[in-house]
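Take a look at the structure set out below.
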Amino acid sequence: MELHKLTLKQAAEFSKANPQNAKELFNALKARAKAIDSKVKAYLSLIEKEPSFETKGILAGVPISIKDNICIEGCETTCGSKILKGYVPPYDATVIKKLKAAGAFIVGKCNMDEFAFGSSNESSAFGPVHNPWDLTRVPGGSSGGSAASVAADEAIAALGSDTGGSIRQPASFCSAVGIKPTYGRVSRYGLVAFGSSLDQIGPITKTVEDAAILLGVIAGHDPHDSTSANLPVPDYTKSLVKDVKGLKIGLPKEYFVKGLDPDVEQAVRKAVKIYQDLGAKIVEISLPHTSYAVHIYYIVATAEASSNLGRFDGVRYGFRAQSSNLSDMYLKTRDEGFGAEAKRRILLGTFVLSAGYYDAYYLRGLKARTLLKQDFEKAFEQVDLILSPTAPTPPFKLGEKVDDPISMYLSDIYTISANLAGVPAISIPGGFSKELLPIGIQLMAKPFAEETIFRAAYAFEQATDFHKKKPTL
Ligand code: GLN
């Protein structure tokens, strides 16, 4: 077997057997990345230093790739932005500490949309990522590099971050598994902030089992993140039981509307049938504030982003423009350092927070967010899970939406609600379009019900073969 094709579970077993194996595996992944990444462009940097080959820990010797907005001590962290070029964090994010403690190796830092603003990876200052299934198409975003690295077998598994779909939508576009945990499940310490009330780090993997193992490693309370929940972390692998009998799965009627690609709709309908055959009960539900989700998100997320990005001023981090005086230096650094999408978000966010518009936009956006959250609370009184498409379409062509931000923003329609409501959500491989492009299926559950998600996702995966298909590169 070619080593780069191993799942996380298999890789951990292989490496544990012998430290020499771990070394072989790490080198196999790096060789794979060197051979094909000129086409995929999933990585911004590869870790050149050989790690010390540990055999202890549940991820001993497992090579993992990391989105470039997660800090690793001594490794450049750019967030896909020119403004952070050259920034080398002096500390590890909590998730990195946990990965290292579990024995994992970091392969490299993954390309991403600038500051995680985007759904196609095209806003990266360092060029786009190409979808391994069709190099003329986008891998999704913003964790496009993380998802592509897993799909192309350039990493055994990856970490991404999700503010409005950035783990799930690229997982869907690349036929990988991606889970956004409940808000507070995973520490955000060392994740460069985009929308602090929405951001979560999560796994992108080849299988549901791998995601369950990896989430178990990175989850948990952290005194460095006051929003991380002080709750025990269950053994998620215990939920992988291939049984959904008696589970109630809701289908939101507002989700099956114009704009949903027919191939995607058909894949979701097939998934419904599979769940019925497995013994789950399907119920139609309503999430009445769905049509406001994109509007709410682009108020709340940009407001938070504009505030979070205030710290990039040329003094503290990364890039500094040449100039003759201080205020000129601030202006030039931000003008030259940020790309178009980052500037658009800073302008929008500053506008909705400004004195004359705060009540009309930001405050109203927060109130509407509460209504949307209540939609989910009500729905979860009725059902255990909500099933939906992850994205309205299969992966689109590179360049297709770059000049049309609204159409780009609409591609997040099914994913952003989970962030606004704080609930966990997974995307799993759900089939292929007529053009043989990946389609993802999303499952959401109530806060901290990741176990229910894993149970249902695993049952679906075991009943289907979609996750076994690989792109030919
Ligand atoms: N695509 C969404 C956006 O552009 C979500 C991004 C994310 O989750 N980081 O904001």
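Counting starts at 1 for both ligands and their atoms, following the listed order.
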Residues in contact with ligand 1, criterion: heavy atom under 4.0 Å: A116, F117, G118, S119, S142, D162, T163, G164, G165, S166, F194, Y297, Y298, R345, D412
K446 charged N/C atom sitting above F376 aromatic ring, 6.0 Å / 45°: no
Side chains of K9 and T207, donor plus acceptor under 3.5 Å: no
F319 six-ring centre to K82 NZ/CZ under 6.0 Å and within 45° of normal: yes
Distance-only side-chain donor-acceptor flag, Y183 / R188, under 3.5 Å: yes
Row check, F256 ring normal vs R269 NZ/CZ: under 6.0 Å, within 45°: yes
Flag for D222-S187: side-chain donor and acceptor within less than 3.5 Å: yes
